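Just so it is clear, the model here is predicted, and its values are computed rather than measured.
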Amino acid sequence: MTTLLALAPFLAACGHDCVGVCEEAQDGNCTYISSPCDQVCGAVETIGPCEDDLDAYLGCLGGPGDVCDSQCGSKEINLYACISAFCESNPSDGACADLADLL
């Protein structure tokens, strides 16, 4: 699941849609995600127990500047840890299975 750290630059924030930010990151070569953004975003956004961490991370990404220039490392790490813990405890969860296939 270490590839989940690659989620960083493509999640949505403050008026940005997840897919748009993902595509911006792909265009800027600042993500390892090569899978379709709508599929990756759909999976990440359904992991309910990580909602607070996701909101904090998305709020950071919504700051000024280019998505590839964001400085959201600690919030990214917290989100990654939450998703990893959730998926390790719930390996058959649809979102976790989707992420494993997409990343």
Side-chain angles (χ1 to χ4, degrees):
M1 291 298 239
T2 58
T3 56
L4 286 177
L5 283 175
L7 296 174
F10 72 87
L11 295 173
C14 299
H16 295 98
D17 69 289
C18 180
V19 174
V21 175
C22 174
E23 291 172 348
E24 181 181 340
Q26 287 178 338
D27 290 345
N29 293 317
C30 62
T31 181
Y32 293 104
I33 302 299
S34 59
S35 298
C37 293
D38 61 333
Q39 293 176 14
V40 176
C41 290
V44 170
E45 291 173 341
T46 62
I47 300 178
C50 300
E51 186 175 341
D52 289 344
D53 291 312
L54 179 60
D55 288 345
Y57 183 57
L58 299 180
C60 180
L61 285 178
D66 185 280
V67 68
C68 291
D69 294 331
S70 62
Q71 300 292 317
C72 304
S74 64
K75 290 171 180 51
E76 175 187 354
I77 290 168
N78 291 343
L79 177 59
Y80 166 74
C82 182
I83 292 172
S84 294
F86 178 81
C87 289
E88 286 175 16
S89 298
N90 302 281
S92 62
D93 181 88
C96 297
D98 289 346
L99 286 172
D101 291 341
L102 292 168
L103 301 177

Minimal non-hydrogen separation, Glu23 against Cys37, with atom names
N-SG, 3.5 Å

Quick one: list whatever passes side chain to side chain contact (heavy atoms under 4.5 Å, CB included) with Gln39, sequence neighbours left out.
Pro36, Leu102

Please find the pair of heavy atoms, one from Cys96 and one from Pro91, that lie closest to each other, and give the distance.
CB-O, 4.4 Å

Closest heavy-atom pair, Asp53 versus Leu79, reported as atoms and distance to 0.1 Å, is CB-CA, 4.0 Å

Output for pair (Glu45 CD, Cys50 SG), nearest 0.5 Å, gives 13.0 Å

Pairing residues for Asn90 by the side chain to side chain contact (heavy atoms under 4.5 Å, CB included) criterion, not counting sequence neighbours:
Phe86, Asp93

Applying side-chain contact (heavy atoms from CB on, under 4.5 Å) to Ile47 and Cys87, what does each step give before you reach the verdict?
CA-CA 9 Å; Ile47 300 178; Cys87 289; 4.3 Å; yes

Rounded to the nearest 0.5 Å, how far does CD1 of Ile77 lie from SG of Cys82?
14.0 Å

Closest approach of Ala95 to Ala43 (non-hydrogen atoms, all atoms of both residues):
CB-O, 3.4 Å

